[in-house]
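Single-structure report; data block below.
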Amino acid sequence: MNGLPGVVKTDEKIGRYLEANRDIKQGEIIITEEALMVGPSGDPHPFKICLGCCRVVIGEPVYCGTCKWPMCSEACEKIALHAKFECRVFKNAGVKPTNDPQDYHNINILRCLMLKEANMKKYETLMKLESGGGDKKKKVVAPKEVAEFILKKCNQKSYDNELLGKMSGIVAINSFATTDRLSLSIAPRMAALLFYNASMMSHDCVPNTSWIRVENPDNTFSIKVWATVPIKSGQLITTQYLDVTRSQIERRAHLQETYNFACSCKRCSDPTELGTFYGAVKCTKCPKGKGYMLSEDPMKASDANWKCNACGNSAPYRECAVPIETNIVEEIRAAADEVELERILDKHADITLHPNHWLMMDCRQEIVKRLFNSIATIKEVPRRVERAQKMLEYCRALHKVTEAFYPGNNRIKARSNLYVQYAEALTKGEGEEVDKELDRIEEVIRKGEEMNLFES
Ligand SMILES: C[S@@+](CC[C@H](N)C(=O)[O-])C[C@H]1O[C@@H](n2cnc3c(N)ncnc32)[C@H](O)[C@@H]1O
């Protein structure tokens, strides 16, 4: 990797990975490269997705003059990634538009296959990417829906099943998905991007880099990867393949299912998840009610036995944690408003679950989101200040955990940082200075969302 502070090495377990070949400073850009391919991510959604810019189509769509699929505008219809790829195939085969996310995912795979005609060099690089995940000998079979869409619906019979399988695997394992959270001001972009160098980064549940997608003036996309913490020469350069604020059991199951490996990072190997107690459940047998049940073997996931860190009481995870977690998930789901969510928090934090338990964090996250959207409309100043103080308390609790899992200058932490500032400004009551500060923060949030800075 010319000019980059890393080298690609190979390990029997991980396959290829990126290792720092010199000390890297915090904030230093590690990778900048143009995408090999960009396509709709195919994530579940109830919207129409523009095949030009991959954004959700807001309002009445414009239908492509050639293939009749919905787009945001006539300009999007002309974007090469659509016009020179699926558009002509759809026209020739008469493929009708659908809203099915699976079809959008299929389109992404079709684009990767068609890259061979459009740009042989990029196609050859793309084909060097991993397709089988952890099991290197595994031949990836094309999912039925992919084969049916490409071979039958699109009438592209020249692609054999083995190639379809390999391409499906490449897309599944290497995509950098930018399914933006619904933004304040612009339609979210639901795109999946493929890169070669960036794909060499292995996963860690506490990554040491962050990345951002950059839109170039010619409608192509690049990625910028930077070090969020100092990285020593010889250390792995890592990213996160999923949202690492998910629970340990959920993360490890998803990594196994989608990427075919059992995560054994420092955080996953530690029952306390680096001292955060992110999955800890209060022990019901502990005489003083002080102890927490923790996994005796995180590698066994939901099959493990859990043990109290104070009294030594032990029980299978399925008995000591699953029932209480399932109930709370239901309670959160049924909560009508932020007041009910606060009640759930008061009922469970430090009573049935550790205050840092991921479900308590989910609850706080939801309250903060709702407060952020409504707090400025509270006219009565003392009430607004009281709500802002609460928001600040929740933000700080969230921020502490986000700092543990996304350390340093990670993009994902930018939003939580701004929420803290927003709440802090509101606790100061009213006045011109407060208004100015709020306008400034709202503007930063809006700009950040437009630039995808706050995407998670
Ligand atoms: C995006 S690719 C990374 C590059 C890949 N290792 C290669 O040889 O092309 C993702 C795959 O790398 C491997 N991998 C990444 N992080 C890993 C980790 N922390 N432990 C084990 N395997 C890992 C898994 O096989 C995973 O499916």
Side-chain angles (χ1 to χ4, degrees), residues 1 4 6-21 30-31 33-39 41-42 105 108-109 112 122-141 143 165-179 191-211 213 223 225 228-229 231 234-244 246 248-270 273-274 298-301 405-407:
M1 292 169 74
L4 300 178
V7 283
V8 176
K9 291 195 170 175
T10 308
D11 166 272
E12 215 176 286
K13 203 171 104 203
I14 307 182
R16 289 167 294 184
Y17 62 95
L18 193 56
E19 186 182 288
N21 60 0
I30 301 174
I31 299 170
E33 71 177 315
E34 195 185 303
L36 296 166
M37 182 42 81
V38 181
S41 66
H105 174 71
N108 197 10
I109 296 170
C112 291
K122 277 192 172 179
Y123 179 80
E124 281 172 355
T125 309
L126 185 77
M127 292 302 277
K128 286 184 196 150
L129 292 173
E130 173 68 59
S131 61
D135 183 355
K136 306 290 172 241
K137 294 189 193 88
K138 186 176 151 192
K139 246 198 190 153
V140 190
V141 182
K166 187 173 166 74
M167 204 54 100
S168 303
I170 288 175
V171 170
I173 285 176
N174 299 282
S175 286
F176 285 74
T178 68
T179 311
L193 292 84
L194 288 162
F195 303 93
Y196 184 78
N197 292 333
S199 261
M200 293 301 122
M201 290 190 288
S202 44
H203 166 85
D204 197 292
C205 292
V206 183
N208 57 20
T209 66
S210 186
W211 61 270
R213 179 194 67 209
I223 191 170
V225 180
T228 50
V229 289
I231 305 174
Q235 272 184 343
L236 261 58
I237 298 175
T238 59
T239 183
Q240 75 280 353
Y241 291 180
L242 40 59
D243 175 5
V244 295
R246 288 162 75 173
Q248 188 179 62
I249 288 177
E250 209 190 325
R251 291 193 316 273
R252 298 192 73 250
H254 181 83
L255 291 168
Q256 186 65 61
E257 202 178 297
T258 309
Y259 298 92
N260 219 342
F261 74 92
C263 188
S264 56
C265 72
K266 201 166 153 204
R267 179 177 162 201
C268 276
S269 313
D270 175 1
E273 298 196 50
L274 312 175
M299 295 299 118
K300 285 198 185 145
F405 301 154
Y406 290 108

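Order of appearance sets the numbers: ligands from 1, and atoms from 1 within every ligand.
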Y241 and ligand 1 - part of the residue with a heavy-atom distance under 4.0 Å
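Contact part for Y241 vs ligand 1: side chain (C-beta onward).
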How does F261 reach ligand 1, by side chain, by backbone, by both or by neither, if only non-hydrogen atoms under 4.0 Å count?
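F261 to ligand 1: side-chain contact only, backbone stays beyond 4.0 Å.
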Consider ligand 1: state whether an atom of it lies below 4.0 angstrom from any non-hydrogen atom of C263.
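So C263 does not count as touching ligand 1.
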Using heavy atoms and a 4.0 Å limit, tell me yes or no: is L129 in contact with ligand 1?
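No heavy atom of L129 comes that close to ligand 1.
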L194 vs V171, side chain to side chain contact (heavy atoms under 4.5 Å, CB included): CA-CA, chis, key distance, verdict
CA-CA 8 Å; L194 288 162; V171 170; 4.2 Å; yes
Tell me whether the rings of H203 and F261 are parallel (<30°), tilted (30 to 60°) or perpendicular (>60°).
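Rings of H203 and F261: tilted, 30 to 60°.
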Check whether the side chains of T238 and D204 place a donor and an acceptor atom closer than 3.5 Å, and report yes or no.
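Their side chains do not contain a donor-acceptor pair, so the 3.5 Å distance test is not met.
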Polar contacts were defined as any N/O atom of the residue lying under 3.5 Å from an N/O atom of the ligand; does this apply to Y17 and ligand 1?
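No.
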Quick test of your reading: applying salt bridge (Lys or Arg N to Asp or Glu O under 4.0 Å), list the pairs with at least one residue in residues 251-263, sequence neighbours left out, ordered by first then second residue.
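Listed once each, the pairs are R251-E273.
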[X] heavy atoms, cut-off 4.0 Å: which ligand 1 atoms fall inside?
| X | answer |
| --- | --- |
| E130 | 7 (C), 8 (O), 9 (O) |
| S202 | 15 (C), 16 (N) |
| Y259 | 24 (C), 25 (O), 26 (C), 27 (O) |
| S199 | 1 (C), 2 (S), 3 (C), 4 (C) |

Heavy-atom nearest neighbour of atom 1 (C) of ligand 1 within options D204, N174, I14
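Heavy atom nearest to atom 1 (C) of ligand 1 belongs to N174.
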Check: I30 and I231 side chains under 4.5 Å, non-hydrogen atoms:
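Sidechains of I30 and I231: in contact.
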What are the two closest non-hydrogen atoms of Y196 and L36, and how far apart are they?
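Scanning both residues completely, I find the closest heavy atoms to be N-CD1, 3.8 Å.
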How close do F405 and P207 get, heavy atom to heavy atom, and via which atoms?
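Minimum heavy-atom contact is O-CD, 3.4 Å.
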